[in-house]
Amino acid sequence: MDVRRLDDAAHMRALAHPTRLRIVGLLRSGGPQTAAMLGEQVDEAPGTISYHCGRLATAGFIEPAPELGTDRRERWWRATAQHTSWNLADAFDDPDRMLAATALDHTVAQAYADEYRAFIDHVPALGREWVAASNSGDRVLRLTVDELRDLGAELQGVLDRWEAVSADHVAGDGSERVTAVVQSYRSARP
């Protein structure tokens, strides 16, 4: 599994639903699961999760994993790629695609905000060492478009290096799930 490049507006709209985005994330981070297992984590009924899984499968984000089932009623799902990428700039000449891509970006932005809120809400339970090792910050920079592109590539390279470290960890070895969000963009304000 690697990166799925997303260019189709209909597929962007399919992923732009918050529950579907969460399902794909859970299958990527937790491996194959059933609708019932996913429903417990998303707090939705298995029937609702099954519907969303069907939509995600039609769009190619997930696929059935029938070899994992113990009977015909148990339907397992797995992610088809570890990452999804798209670029708003590619949608400039297609109004439908631009609407779909911005809707997806709004959903992703909300998911990032929700994830950070959950971290803040659980700080006391995480322990001083994990909280002290966490970080959040920002800088307002003045850059050219080429410099912004270079900054993004460098930040992506850092994440790629740490993703390789992450792949060597297993449950119980002292590692925990860590969310790393990198954003760099031209400010809409002067």
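Throughout, residue positions are numbered sequentially from 1 according to the sequence presented.
Scanning all heavy atoms of the two residues, the minimum distance from G69 to E74 falls at CA-OE1, 3.4 Å. Scanning all heavy atoms of the two residues, the minimum distance from I62 to T80 falls at C-CG2, 3.6 Å. Taking all atoms of both residues into account, the shortest heavy-atom contact from T179 to R177 is OG1-NH1, 3.9 Å. Nearest heavy atoms, A35 versus W77: N-CD1, 4.5 Å. Taking both residues in full, the closest heavy atoms of A180 and L159 are given as CB-CD2, 3.7 Å, listed atom of the first, atom of the second, then distance. The two residues A100 and A9 make their nearest non-hydrogen contact at CB-O, 3.5 Å.
Ion pair D8/R97 not flagged as a salt bridge, since none of the NZ, NE, NH1 or NH2 atoms sits closer than 4.0 Å to an Asp/Glu carboxylate oxygen. Note on E154 versus R149: no salt bridge recorded, every NZ/NE/NH1/NH2 to OD/OE distance being 4.0 Å or above.
Atom CG of L88 is separated from atom CE of M98 by 6.0 Å, given to the nearest 0.5 angstrom. Atom CZ in R5 sits 10.0 Å away from atom CH2 in W86 (nearest 0.5 Å). Here R55 contributes atom CZ and H11 contributes atom NE2; the two are 10.0 Å apart, rounded to the nearest 0.5 Å. One distance of note links OG1 of T144 with CD of E147; it measures 3.5 Å at 0.5 Å rounding. Atom-to-atom distance recorded for D90:CG and N87:CG is 4.5 Å, nearest 0.5 angstrom. To the nearest 0.5 Å, atoms SG (C53) and CG (L38) are separated by 5.5 Å.
V165 and V178 end up in different hydrophobic clusters when Ile, Leu, Val, Met, Phe, Trp and Tyr side chains are linked at under 4.5 Å. In the hydrophobic cluster analysis, where Ile, Leu, Val, Met, Phe, Trp and Tyr join through side-chain heavy atoms closer than 4.5 angstrom, F119 is grouped apart from L26. Cluster annotation: L148 and V181 are assigned to distinct hydrophobic clusters (Ile/Leu/Val/Met/Phe/Trp/Tyr, side-chain heavy-atom contacts under 4.5 Å, transitive). Following chains of ILVMFWY side-chain contacts shorter than 4.5 Å, one cannot reach L15 starting from L99, and the two form parts of different hydrophobic clusters.
Cation-pi check for R20 over F61 is not met; the charged atom does not lie both under 6.0 angstrom from the ring centroid and within 45 degrees of its normal.
A donor-acceptor pair is defined here as one N or O able to donate and one able to accept, closer than 3.5 Å; such a pair exists between the side chain of S134 and the backbone of W130. D173 places a side-chain N or O within donor-acceptor distance of the main-chain N or O of V170, the cut-off being under 3.5 Å. Remark: the backbone N or O of E44 is not paired with any side-chain donor or acceptor of T48 at under 3.5 angstrom.
Between S136 and Y116 there is a side-chain heavy-atom pair separated by less than 4.5 Å. Within the 4.5 Å cutoff, no side-chain heavy atoms of T19 are placed close to those of R22. Here the side chains of V158 and V182 are not in contact, with every heavy-atom distance at 4.5 Å or above. R28 is listed as a side-chain neighbour of T84, based on a closest heavy-atom distance under 4.5 Å. Residues T107 and H17 form no side-chain contact, since every pair of their non-hydrogen atoms from C-beta on lies 4.5 Å or further apart. In this structure the side chain of H83 never reaches within 4.5 angstrom of the side chain of D2, judged on heavy atoms. With a 4.5 Å cut-off on side-chain heavy atoms, L151 and L141 count as touching. Looking only at side-chain heavy atoms (C-beta outward), R4 and Q82 stay at 4.5 Å or farther from each other.
Within a 6.0 Å sphere centred on NE2 of H122, other residues, nucleotides and ligands contribute 12 heavy atoms or fewer. Counting heavy atoms of neighbouring residues, nucleotides and ligands inside a 6.0 Å radius, atom CH2 of W162 does not exceed 12 of them. Applying the 6.0 Å contact sphere to CD of Q183 captures more than 12 heavy atoms from other residues, nucleotides or ligands. More than 12 heavy-atom neighbours from other residues, nucleotides or ligands sit within 6.0 angstrom of CG on D121. Atom CG of D43 has 12 or fewer heavy atoms from other residues, nucleotides or ligands within 6.0 Å.
Under a 4.5 Å side-chain heavy-atom criterion applied to ILVMFWY residues, the cluster that includes Y51 comprises that residue alone. Cluster note: M37 groups with L68, W76 through ILVMFWY side-chain heavy atoms spaced under 4.5 Å, whether in direct contact or through intervening members.
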Discussion item. Apply side-chain contact (heavy atoms from CB on, under 4.5 Å) to residues L143 and D150 and explain how you reach the verdict.
Written reply: CA-CA 10 Å; L143 303 174; D150 290 347; over 6 Å; no

Worksheet item: Taking it one step at a time, do D96 and R13 satisfy side-chain contact (heavy atoms from CB on, under 4.5 Å)?
Response: CA-CA 10 Å; D96 184 45; R13 284 191 294 275; 3.0 Å; yes

Worksheet item: Stepwise, does the side-chain contact (heavy atoms from CB on, under 4.5 Å) test hold for M12 with L6?
Response: CA-CA 7 Å; M12 289 177 181; L6 188 55; 3.7 Å; yes

